[in-house]
Amino acid sequence: MPDPFPGPDHRRAPLLDALRCYREADFAPFSTPGHKRGAGADPELRELLGSDALASDIPLGGGIDDSHFTGDTLGAAERLAAAAWGADRAFFLLNGSSAGNHAYLLAALNPGDEVVVARDIHKSLLVALILTGARPVYVAPRLHPTLDVGLGVAAADIAAALDAHPAARLVAVVSPSYCGVPSDLAAIARVAHERGVPLYVDEAWGPHFAFHPGLPPSAMASGADGAVVSTHKVLASLTQAAILQVRGDRIDPERVATTVGMANTTSPSVTILASIDACRRQMALFGHALLDRAIVLAEDARTRLRALPGVDVLGADRLGTDAYDRTKLVVDVHGLGMTGFQVERALRERFRVQPEMSDLAGVICLVSVADTTESIGRLVAAFAALADERRPPAEQGATPRSSGAVLTAGIPALSPRDAFFAPSRAVPLRDAAGEVSAELVIPYPPGIPILAPGDVVSAEAVAYLERGAAHGMYVSGAADPTLGTLRILA
Ligand SMILES: Cc1ncc(COP(=O)(O)O)c(C=O)c1O
């Protein structure tokens, strides 16, 4: 009989196997962590986590492996993950995709190097620019003409930036966006590679793409040289779990291994690592069927939510594109006469439904392999109750959903690193236009920087931030999170 699983045997889960062996061996631990399999833990912690979770909270070295890692259990699990996602090498990350962004850019760039970067980058890529001292050439994402949603960066814009900056050493883009919109990664890879430049994709929100043809093509399948995926975000691994993937040798994989070792903790949590291993097995064996169900449920929710008065939901049809992460429900609540912040509060407090995020225009809800007709029913029923109570919209022309309308392209006055370390002073936000920002200003979520260290502060950015602050937008990065003041270069 032919082997039903040719190639790598995805039924195996080396880290789970090793964890089980460790548990069964009943070692007397004279090693970290100090709670020693829960024996010394606070009783309430033990009650809430369960004694099994604490008993499985053991180190990699000196735990499932000896203290010199001679078993290479992690390596075996990473090789299976590389095969599942179509990469040459995979590195398990314990600080989310943030660690992957830091590690890849530290491997790919030297201080002072130019890097072509999509402007809708996440805070962690900006931190990577500060760490490396590289100089970004920002490329703005295209915007939908009416929806105020980013459409990803265009390959032609990347090509133009590379032609204007032939010394650039890397192209780095975020795809898909927080709203689920991918860039045309195959076209971007082509224009980058034609110029001898590697492509890195922050695919934090696309760990499931590799496992279903109804989702956008994954970064690895599109020819990217490196990509990071947050398996914890939409797949079933534990919070903080992510994978950095590399293909080819435009960037030396051994250098990436070194920088992953710098970005990761030296005390990796076996529970998080084992959850990545389990997630890989689940996706490799059953991903297609599980995602099929998630997509059907999400499309059903989209249809039923759109049928409610005052509610709209983004979709491939609204965007006029084929490629869209159909598991995302980006819900526009403007027609309910409420901000997204108010809707999130009502969903949480009155209906015990928790969206992923809210902004002025709406809320984003994630549908995953865990959802059922029942969970979708609760979500739709909660929105239906809010739609029944709707008021006329207070204000036409909602503030942009994302920061899209105020994202700037071009070259900052200073590199993020130089600006981060330069002397600075605080001024009232309204006086900051025309000055150089000393800090990151990131409305959260979605975590896209409106201002980065080194950017010239535009009048549009000031207006956007003033308006967001007035509506209770949560801002990360800025020294004054109320945005009464902004730090500018002295
Ligand atoms: C585009 C993007 N990249 C990276 C990250 C960081 O991911 P993690 O939270 O897994 O570190 C996020 C988090 O929201 C993100 O949205």
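Just so you know, ligand 1 is whichever comes first in the structure, and atom 1 is the first atom listed for that ligand. Worth saying up front: this structure is predicted, and the values here are computed from it rather than measured.
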J.: Could you list which atoms of ligand 1 come closer than 4.0 Å to a heavy atom of S124?
T.: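 Matching atoms, with element in brackets: 4 (C).
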
J.: Any side-chain donor-acceptor pair under 3.5 Å between Q245 and E203?
T.: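 Result is no, nothing qualifies.
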
J.: Assess, by modelled atom type and distance only, whether the side chains of H208 and D325 contain a donor and an acceptor separated by less than 3.5 Å.
T.: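 Judged by distance alone, the side chains do pair up.
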
J.: Please state which part of S230 comes within less than 4.0 Å of ligand 1, counting heavy atoms only: side chain, backbone, both or neither.
T.: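 Side chain only.
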
J.: Once you measure the plane-to-plane angle for Y178 and W205, does it fall in the parallel (<30°), tilted (30-60°) or perpendicular (>60°) bin?
T.: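 Geometry flag for W205 against Y178: perpendicular rings.
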
J.: Report the member of H122, M357, E356 with the shortest heavy-atom distance to atom 12 (C) of ligand 1.
T.: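 When every heavy atom of H122, M357, E356 is considered, H122 comes closest to atom 12 (C) of ligand 1.
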
J.: Would you mind listing which atoms of ligand 1 come within a distance below 4.0 Å of any non-hydrogen atom of G96?
T.: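 This gives 8 (P), 10 (O), 11 (O) as the contact atoms.
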
J.: Do Y200 and N101 get their side chains close enough for a donor-acceptor pair, meaning under 3.5 Å?
T.: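 Looking only at side-chain atoms, N101 and Y200 do form a donor-acceptor pair, the distance falling under 3.5 Å.
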
J.: Are any of the N/O atoms on H232, whether in the backbone or the side chain, positioned under 3.5 angstrom from an N/O atom of ligand 1?
T.: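 Yes.
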
J.: Atom 3 (N) of ligand 1: which of T231, V174, N101, D202 has the nearest heavy atom?
T.: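 It is D202 whose heavy atom sits nearest to atom 3 (N) of ligand 1.
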
J.: Within the 3.5 Å criterion, strictly below it, is a donor on S415 or R135 matched to an acceptor on the partner's side chain?
T.: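 Per modelled atom types, S415 and R135 side chains form no pair under 3.5 Å.
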
J.: Can you tell me which residue pairs pass the salt bridge (charged side-chain N to carboxylate O under 4.0 Å, His left out) test with a partner in residues 223-234, sequence neighbours excluded?
T.: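 Only D225-R250 qualify under salt bridge (charged side-chain N to carboxylate O under 4.0 Å, His left out).
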
J.: Strictly by modelled atom types, are D292 and H212 linked by a side-chain donor-acceptor pair under 3.5 Å?
T.: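 The answer is yes; a qualifying pair exists.
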
J.: Can you list every salt bridge (charged side-chain N to carboxylate O under 4.0 Å, His left out) pair that touches residues 215-224, not counting sequence neighbours?
T.: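 Qualifying pairs: none.
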
J.: Check N95 against ligand 1 and report side chain, backbone, both or neither, counting heavy atoms closer than 4.0 Å.
T.: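 Contact part for N95 vs ligand 1: backbone (N, CA, C, O).
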
J.: Between ligand 1 and Y178, is the shortest N or O to N or O distance under 3.5 Å?
T.: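 There is no such contact.
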
J.: Only heavy atoms of W205, strictly under 4.0 Å: list the atoms of ligand 1 that pass.
T.: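 Those qualifying, in numeric order: 14 (O), 15 (C), 16 (O).
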
J.: Does ligand 1 have a heavy atom under 4.0 Å from the side chain of A242, from its backbone, from both, or from neither?
T.: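 No part of A242 comes within reach of ligand 1.
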
J.: Going by the closest heavy atom to atom 7 (O) of ligand 1, which one wins out of K233, Q240, K123?
T.: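 Looking at heavy atoms only, K233 sits closest to atom 7 (O) of ligand 1.
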
